[in-house]
2 protein chains.
Amino acid sequence: MNETRWLDEREMAAWEGFLQASNRVARHLEQQLRDEAGLSHPQYEILVRLEACPHGEIRMTELADLLITSKSGLTYQVGQLERRGLVRRRSCPTDVRGVLAVITDEGRRVLREAAPGHVAAVRASLIDLLEPEELEVLAGALGRVGRRLAIDRAPG
Amino acid sequence: MNETRWLDEREMAAWEGFLQASNRVARHLEQQLRDEAGLSHPQYEILVRLEACPHGEIRMTELADLLITSKSGLTYQVGQLERRGLVRRRSCPTDVRGVLAVITDEGRRVLREAAPGHVAAVRASLIDLLEPEELEVLAGALGRVGRRLAIDRAPG
DNA sequence: TCGACGTTATTCGAATTTGAACAACCTGAA
DNA sequence: TTCAGGTTGTTCAAATTCGAATAACGTCGA
């Protein structure tokens, strides 16, 4: 058991900044989407990912990985979206067990309407608060963090 | 209604990196704390904040603001911690409505035991993945983001 | 061909979170 | 002093999240 390497002042500042920014940005976006588009952030993300897929469809497990959520959580949210007609399910042609989540025309329409307000909120809460160099560093550093943590992830 | 300013490539990279890093780091820490200390991250944060306060105590509303959570959510978590003897409540001497959350000796002990593992996880999932310059930039930029969003917050 | 083993999506119960409603209380200006 | 208006912490119902358990299905080597 090694001696604990505590955080020094600048490490602490980075950590607290990261935590606080994560929380506040998340809250900001959640509220904006809820108010202006009637969607939760998880729901919005599902629509975004689906639209980016060929034919607007993808396997449930793959989608769960993209969204960094649990499979059961995705089942629930896709169920919500299906109820509202923004997504539908169809069974996978190559694997009887498989389910494809598919974005509907209505889903695309809702997404198209929600996107401008969402992008504005992302700018207001993060992007436009950063200098160009900061943006660059953030993209590089946090991209590395995400990729690093993506590796040693237990299956959900 | 202005034309939407969509995100360019580097802005998108920063945004996606931020989102993904937030999610993955949060998951990593949640699991580590649960496994090694039997605490959720919110609970750990409550203990940390309390210990940093004079006499290890603070008003509920102030604590909720520090933690960036709702008042009702805090009521619940403090209730959980009280059940386990890590925190106790006492009424505020200067305001009959007020309640002070107080960390107990047992709470301090549990926190002391949990801290090394938590710091190690924070290092492994974020801090030690960053170059010194990146750390500096992150602290500055995300600190600004947090402070900016702290201002226009609706009361909870 | 046949199992052993891993995958797939869902269901279930338990835990957690939120905002609204609420009762009780402070505060400051008239 | 009074009282309108804001605060305080809790309770409540509803929504969401997670992991374990489950049933059904692929895959691969012997």
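Below, read A as the first sequence line, B as the second, and so on, with proteins coming before strands; counting in each chain starts at 1. On a predicted model such as this, the values are computed, not experimentally measured, just so you know. Reckoned from all heavy atoms, side chains included, excluding hydrogens, waters and symmetry mates.
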Return whichever of A/Arg59 or B/Arg34 has its heavy-atom-nearest nucleotide of DNA chain C closer to the 5' end.
A/Arg59

Spacing of A/Gln77 atom CD relative to D/dC18 atom P, expressed in whole Å:
10 Å

B/Glu62 or A/Val96: which one's nearest nucleotide on DNA chain D is closer to the 5' end?
B/Glu62

Please give, in whole Å, the distance from C/dT8 P to A/Leu63 CG?
13 Å

How many whole angstroms separate atom CD1 of B/Ile68 from atom P of C/dG19?
14 Å

Check if the side chain of B/Ser72 and the base of C/dG19 share a donor-acceptor pair of N or O atoms closer than 3.5 Å.
yes

How many whole angstroms separate atom NE2 of A/His41 from atom C1' of C/dT18?
17 Å

Side-chain N or O of B/Gln80 versus OP1/OP2 of C/dT16: is the shortest distance under 4.0 Å?
yes

Atom-pair distance (CD on B/Glu30; C1' on D/dT16), nearest Å
15 Å

Taking D/dC25, C/dT18, D/dT8 as options, the one with an atom nearest any side-chain atom of B/Thr61 is D/dT8

Would you indicate which nucleotide in D/dG26, C/dT11, C/dT18 comes nearest to any side-chain atom of A/Asp95?
D/dG26

Whole angstroms only, please: what is the CD-P distance between B/Gln31 and D/dA20?
10 Å

Can we say A/Arg144 and B/Glu134 salt-bridge, meaning some charged N sits less than 4.0 Å from an Asp/Glu carboxylate O?
yes

Salt bridge flag under 4.0 Å for residues A/Glu51 and A/Arg112:
no

If hydrophobic residues (ILVMFWY) are linked whenever their side-chain heavy atoms come closer than 4.5 Å, directly or via other members, who joins A/Tyr76 in its cluster?
none

From C/dA9, C/dT7, D/dC18, nucleotide with atom closest to A/Val99 side chain
C/dA9

Does a side-chain N or O from B/Arg27 land closer than 4.0 Å to OP1 or OP2 of D/dC18, or not?
yes

Atom CZ of B/Arg27 and atom OG of B/Ser22: how far apart are they, to the nearest 0.5 Å?
13.0 Å

Sub-4.5 Å side-chain heavy-atom contact between A/Val25 and B/Trp15
yes

In terms of the nearest nucleotide of DNA chain D, which residue is placed more toward the 5' end: A/Pro42 or B/Met60?
B/Met60

Between C1' on D/dA23 and NZ on A/Lys71, what's the gap in Å once rounded to a whole number?
13 Å

Between atom CG in B/Leu81 and atom C1' in C/dT16, what is the gap in whole Å?
13 Å

Please determine whether a side-chain nitrogen or oxygen atom of B/Arg89 lies at a distance below 4.0 Å from atom OP1 or OP2 of D/dG9.
no

OP1, OP2 of D/dT16 versus side-chain N and O of A/Tyr76: anything below 4.0 Å?
yes

Need one value for B/Gly98: base, sugar-phosphate or nothing, where a base atom within 4.0 Å counts as base even if backbone is also close, heavy atoms only.
sugar-phosphate

